[in-house]
Each structure stands twice: as structure tokens, then as C-alpha cells.
Amino acid sequence: MYVITLVLFVLCFGSFAWAMYGGFFLVSSRMSDWAIILRLVSGACAVCHVVALLTVNHVVHEWLMAASLLYLISLLLFWSALVTNKRIPLFHCFTELVPDHIVTHGPYKHIRHPFYTSYTCAWVAGVIATQQQWLWGTVFAMCFLYWKAASREEAEFLNSPLSAAYRAYMLQTGFMWPPIFGRKPETPTRV
């Protein structure tokens, strides 16, 4: 089970790196400071997870199974979001552009930021696999950056010609998780 968990980790983070470094996401000629911070922090956090996974002394089969399931969910969500956007690739986060379309199918039918949800699942999986509590720091650091990027993207939509359509979309979907028990998210406010 340990080897399966490692393979899933490599598949997740390999997919993320491929997409981030030009395989999928479009990158503007000049990266913003936040985009550079995201790349540096995510690289450092990934190294922490590699070290934790390779040096863990005692692995618990049940924890590895749970982590592997989260890595699988992460991969499925990531590739589903990627395939949904293959016709019109997305720009790398923290790129300042006026949005010209809203994606509302595939995983976007339920959540507005499936890529960030996918990444979060993978970071949490590393903590579960290793039971190294210090790795929660990497989860919180990355979640803060994802929240910052997603909030910025939503502000761009709300300040664009697509504002009314995006507000309606926000009422039907969750930020990074589907609305629970049919509860609709709260009415969005202008940022």
C-alpha cells in the first residue's frame, strides 16, 4: 500500500507541476509577485511532503488507504477540470485579465474552483499518509494562497461584463466544496 500511495503522490504533483509550468495553464509574459510566491511556496511544501513520505518510520495501512483515496479524488478532479477547459485553457492564477467566459459544466457545475480543491485534497493526503502533524503548516500555507487566488479571480468576474451571470452562477455552486444538503451559498457581495 505504501508504494501505491507514493505512486499516487507522484502522479498528483507531477500533474500539477506539468500544468503549472506550461503544460496547460497559460502564463503571461510577466508573472505577478503572487504567482512567484505561489511557485516558491508550493515547491518548498512539495519538498516537505517528499521528505515526510520517504522518511516516515511507521506507516498505518488504514491511513495509507485513506490518503490514497484522497490522492485519487485529487487526480480525478484535476483531470476532469483540465479536460473541461481543454478547448479554452485557463490562465495561471494571479494573472490579471478581464474574464471573457464562465465555465459551468464538468466539475464547475458544483464548485467554482475545482483545481484548488484538487490541490487541497493532495496536500491533506500527505498529512494523512505520514501522520506528520507539522505538515499541516504546508496545508494551511497552500490553502491561504488558493483562497487568495480564488478570491481575486472572483473579484475579477464580479468587476467584469460577466458580473450578473457570475453572481447567478455563485448562487448555484460552492466556492471550493459543493453546497451541502442543497443549501445555496449566501448571496455574493461586490468585492
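- Taking both residues in full, the closest heavy atoms of I102 and F157 are given as CG1-CE2, 3.7 Å, listed atom of the first, atom of the second, then distance.
- A 4.5 Å side-chain heavy-atom check between L77 and F115 finds every atom pair outside the cut-off.
- Across every non-hydrogen atom of T173 and P179, the tightest pair is C-CG, 3.8 Å.
- Two residues are said to be in side-chain contact when any heavy atoms from C-beta on lie closer than 4.5 Å; W147 and M176 fail this criterion.
- Rounded to the nearest 0.5 angstrom, T117 OG1 and F175 CZ are separated by 9.0 Å.
- Scanning both residues, P107 and T84, for their nearest heavy atoms gives CD-OG1, 3.4 Å.
- Looking at Y2 and V56, their side chains come closer than 4.5 Å, going by heavy atoms from C-beta outward.
- The two residues E153 and C93 make their nearest non-hydrogen contact at OE2-CB, 3.7 Å.
- Judged purely by distance below 3.5 Å, without hydrogens or angles, the side chains of H58 and Q131 never pair a donor atom with an acceptor atom.
- Taking both residues in full, the closest heavy atoms of S163 and L158 are given as OG-O, 3.0 Å, listed atom of the first, atom of the second, then distance.
- The aromatic rings of F13 and F9 are tilted relative to each other, their planes meeting at an angle between 30° and 60°.
- Between W123 and H49, the two ring planes are perpendicular [angle over 60°; tilted spans 30° to 60°].
- Between Y119 and F78, the angle of the ring planes lies from 30° to 60°, which puts this pair in the tilted group.
- Residues D33 and F94 fail the side-chain proximity criterion, which asks for heavy atoms closer than 4.5 Å.
- In the hydrophobic clustering of this structure, M20 does not group with L82; members are Ile, Leu, Val, Met, Phe, Trp, Tyr whose side-chain heavy atoms approach within less than 4.5 Å, directly or through other members.
- Heavy-atom minimum distance, L72 versus L8: CD2-CD2, 3.8 Å.
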